[in-house]
Amino acid sequence: MEKQVMATFVRILKSSSKTTTVAVQLLQTLSIMIQNIRSEHAIYYLFSNEYINYLITFPFNFQNEELLAYYIIFLRTISMKLDRNTVSFFIKTNNEEVVSFPLYTEAIKFFHHEEGMVRIAVRTITLSVYRVDDESIRTFVTNPPIVDYFSDLIVFLRKQSHALDGLVTEVSKYPDSGQLRGRLEGAIAEIGDLLYYCNDIINSNVPALKSIMTKNIMNSLVLPLLLPSLRPVDECATTPSDERVSTLTSLYFLLRLLHIVHHKALVNSIGASLLRTDQAVALDHEQLQNSECFPHQLSEAETLGDEASESGAGTANSFEVSSSSRALDGRTMLLSYLLSNDDKLVMASLCLSVSFLHNEALDESLLDALGILPRRKRHKKLLLQQLIGGKSDKEVDRLFSPSLDRPRDDFMSDNWENHLGDDLLSGSTTLKHRSQMLEALLKLMCRRPPPYSEVLWQAGWLLRQLLPYHEHKISDTHMSLLNDVYTAAQQELSVELTDCWADIIPAVIAEEWKFCRKALDTPFLQKDASFVLMPSTQINTEENLPVTSSILVGERMLASVKTLMVLYQIRILLVGSTLTETPPLVELPEDMRGQHPIPSTKIGTELDISDDAMLCRVSFERGKERCVHLVVVLRGTTGSLLLIEDNSSDQRRGLIRGTAPLAGSDPRIDEKHATWLHLRIRSPHQPLADVGKRGLPKTSPRNKNLVDGRWVLAFEDAEACKHACLFIQNKLANLRDAVSLIVSAFLTKDSLQQ
């Protein structure tokens, strides 16, 4: 340091400014030096004399990607050393007011760079700046023109929402495109990162940023775009495409926003805007301003929407708020989507309600007005009403709600109730909304054909939250509807007991029971909720597979079991009973377990040829027939077909040359050749591998269009062929009887008794 290393670096850079290699090496060296210096004095010396600021503002050729990467790493490394003592080396002041902060201003120029790693580094740098405990820095980042960064950030987020919406549309048209799915996953991850970044800004050490971010998110994203996009498409025919995204994308964006951000001002603003039937809650300056933390002194009559349109930055990122949000009844729309036949819209609407419930920042009176206040909290509120007798509903809400002690700037100057009116918060209205939500959830549970199981999981969990606190029951009429739907699900499972995957149904039930039990206790809400946007992986009969394909039958069986499990468990819970850890599967009696002398069914195993082996011929290669013995092995619900070839040295023993599952073999005698027996060999991909998963990856065997295999066995005469066919059919009947006995608790009429 005493040899003026920094001065030497600057001199070298000046003399070779056109040589990219030198600049890259210099930035890399400095980054390593700064990162590894531990001495406080060395840090002070390195940052002094304006050398670092000169390097930060040096006009590098950022068209060179390698140079840009090292430059951003250089800025990020410096930001890691920022504190209230070192920050003074990077700013210029005038009358104790910061007028220049190159580290920050140069970094934010790249916040929307096309390279993801660059954007991430910029976010890291800015958050490091916000964490510095220095009032002059806070003032600098929250005053014009630098404060425009936050509005630009939300505009960038808005553009990302349009890009996401476009990808969702494309992927829905070409669901098998791996490239499109990859781009969609990348867009989902980027939006998640941006929302987490917004949340980090709100929770930073700069109090004013809470109000600034709330204002920008509401007035540039939620009010002009997300909430109006909840309207049905036919009501938005005249809306320009840049002012609307699809309803599914809007729901997804809102649920992610509520899942990530827990700032009361923002969360309650969204909830209140959903409830307004005339126009959305307009966040004006007086409602969000706090004299201690909000730096802009504007007229109290100005709304933030007006501010955006009149400010210098507003030319590019201002939006009309009230007109586009007028006549929006978001709560009613969410209810209508619960009754939609589009399972994705249903799931997104359910997940949004769950996100509201899980966001502890949302005022409980708003939850009540939305009709989703959990029964225990509502019971607490009713008890409070009885205790204080003559109080109005609003006074009870304020005593009941934790918002009593919120800061003045936390939500609309503590008077947000006035923006909704007494009618939306009155007991009669909230009770009506609650009843409507319960009715919608019950209709969804009883829908035929049923939605996919994850929808039922979410609906069942939400239904349990809303049931009366004391009774934990529903009306006889609704229970009758659930029983009818359960009977239909039983019939569907009975069909599967006669099909090719009957043998694994008990195992599927055992696994699915655990997943369903957990889902009804804790809502299924993945971290990124990407399943809402990803292409549906439900059964697709349009693929080049026959309807009888074991792959399609397996998916159908899995869906039937999932539906039956959720209906079975929710009915038990709704009558006040508790669920057992394991499903009520019946243990097979000893005489049905079936003991067979064959120890193993693996190909190549040598074993004794049993007396019930049936001699036949089979061709594994064109033109080459082999003489084999057909053996049927059945142990309980596990059955196999074996082809055993004689051992040349001992004809009483043989080697297993082929094996196949008994279930699904569907033995049939050829119509033209009475000595030929056809056996179907189902797909090796078992549906059990997909239990508990939201969907199959697009690289699964189902999407490779695998077809079922086939054996054709030739017997000595028609009588031997008929005998073999009847023998296999008898074993199949035994297998189905065993499975039916094991799952009998789910097939009886009074299946509520465990």
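A quick note: this is a predicted structure, and the numbers were derived from the prediction, not measured.
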Which residues pass the salt bridge (charged side-chain N to carboxylate O under 4.0 Å, His left out) test with Arg517, sequence neighbours left out? Glu581
I'd like to know if Glu243 and Arg231 make a salt bridge, using a cut-off of under 4.0 Å between side-chain N and carboxylate O. no
For Ser161, all residues meeting side chain to side chain donor-acceptor pair (under 3.5 Å), sequence neighbours excluded: none
Using the salt bridge (charged side-chain N to carboxylate O under 4.0 Å, His left out) criterion, which residues pair with Glu492? Sequence neighbours excluded. Arg448
Side-chain donor or acceptor of His262 paired with backbone N/O of Ala361 under 3.5 Å: no
From Asn268 atom CG to Ser273 atom OG, the distance as rounded to the nearest 0.5 Å: 10.5 Å
To the nearest 0.5 Å, what is the distance between CZ on Arg158 and CD1 on Ile217? 13.5 Å
Would you say the side chain of Gln465 lies within less than 4.5 Å of the side chain of Ile372, judging by non-hydrogen atoms? no
Indicate yes or no for a side-chain donor-acceptor contact from Ser480 to the backbone of Asp476 under 3.5 Å, with no hydrogens or angles considered. no
For residues Phe356 and Leu274, determine if any side-chain heavy atom of one lies less than 4.5 Å from a side-chain heavy atom of the other. yes
Is Val508 close to Ile505 at the side-chain level, that is, under 4.5 Å between some pair of heavy atoms? no
Separation of Lys518 NZ from Leu579 CG (nearest 0.5 Å): 15.5 Å
Less than 4.5 Å apart, side chain to side chain, heavy atoms only: is that true for Leu221 and Phe253? yes
Set out, in order, the CA-CA distance, both residues' side-chain angles and the distance that settles side-chain contact (heavy atoms from CB on, under 4.5 Å) for Val261 and Asn359, then state yes or no. CA-CA 8 Å; Val261 180; Asn359 197 313; 5.8 Å; no
Can you list the residues that meet the side chain to side chain donor-acceptor pair (under 3.5 Å) rule with Asp165, with sequence neighbours excluded? Ser246, Thr249
Thr563 meets the side chain to side chain donor-acceptor pair (under 3.5 Å) criterion, sequence neighbours left out, with none
Using side chain to side chain contact (heavy atoms under 4.5 Å, CB included) as the criterion, list what pairs up with Thr169, not counting sequence neighbours. Lys173
If you define the side chain from C-beta out and look only at heavy atoms, does anything of Leu481 sit under 4.5 Å from Leu442? no
Go through the structure and list residues passing side chain to side chain contact (heavy atoms under 4.5 Å, CB included) with Ala510, not counting sequence neighbours. Pro583, Leu585
Before you tell me yes or no, could you show the steps for Leu558 and Lys562 under side-chain contact (heavy atoms from CB on, under 4.5 Å), namely the whole-Å CA-CA distance, both residues' side-chain angles and the distance that decides it to 0.1 Å? CA-CA 6 Å; Leu558 185 57; Lys562 286 185 172 187; 4.1 Å; yes
Kindly assign one of parallel, tilted or perpendicular to the pair Tyr486 and Tyr568, based on the angle between their ring planes and the thresholds 30° and 60°. tilted
Could you tell me the separation between the CD1 atom of Ile270 and the CG atom of Leu362, rounded to the nearest 0.5 Å? 9.5 Å
Rounded distance [0.5 Å steps], CD in Gln491 versus CG in Leu747: 10.5 Å
Show the numbers, then the answer: is there a side-chain contact (heavy atoms from CB on, under 4.5 Å) between His263 and Met213? CA-CA 10 Å; His263 178 48; Met213 290 300 293; over 6 Å; no
Is the closest side-chain heavy-atom distance between Leu373 and Leu357 below 4.5 Å? no
Set of residues satisfying side chain to side chain donor-acceptor pair (under 3.5 Å) with respect to Glu439, sequence neighbours excluded: His478
Is there a side-chain contact between Val346 and Pro451 (heavy atoms, below 4.5 Å)? no
Check salt bridge (charged side-chain N to carboxylate O under 4.0 Å, His left out) between Lys514 and all other residues, then give those that pass, not counting sequence neighbours. Glu511
So, taking the atom named OG in Ser349 and the one named CG in Leu255, what distance separates them when rounded to the nearest 0.5 Å? 10.0 Å
Could you check if a side-chain atom of Arg123 sits within less than 4.5 angstrom of a side-chain atom of Asp200, using non-hydrogen atoms only? no
Judged by atom type as modelled, is there a donor-acceptor pair below 3.5 Å linking the side chain of Tyr337 to the main-chain atoms of Leu230? yes
Contacts of Ala459 that satisfy side chain to side chain contact (heavy atoms under 4.5 Å, CB included) - sequence neighbours left out: Leu350, Leu441, Leu444, Met445
Applying side chain to side chain contact (heavy atoms under 4.5 Å, CB included), name anything that partners Asn203, two or more places apart in sequence or on another chain. Asn199, Lys210
Report the C-alpha separation of Arg256 and Tyr196 in whole Å, then their side-chain angles, then the decisive distance to 0.1 Å, and conclude whether the side-chain contact (heavy atoms from CB on, under 4.5 Å) test is met. CA-CA 10 Å; Arg256 292 291 287 138; Tyr196 276 110; 4.1 Å; yes
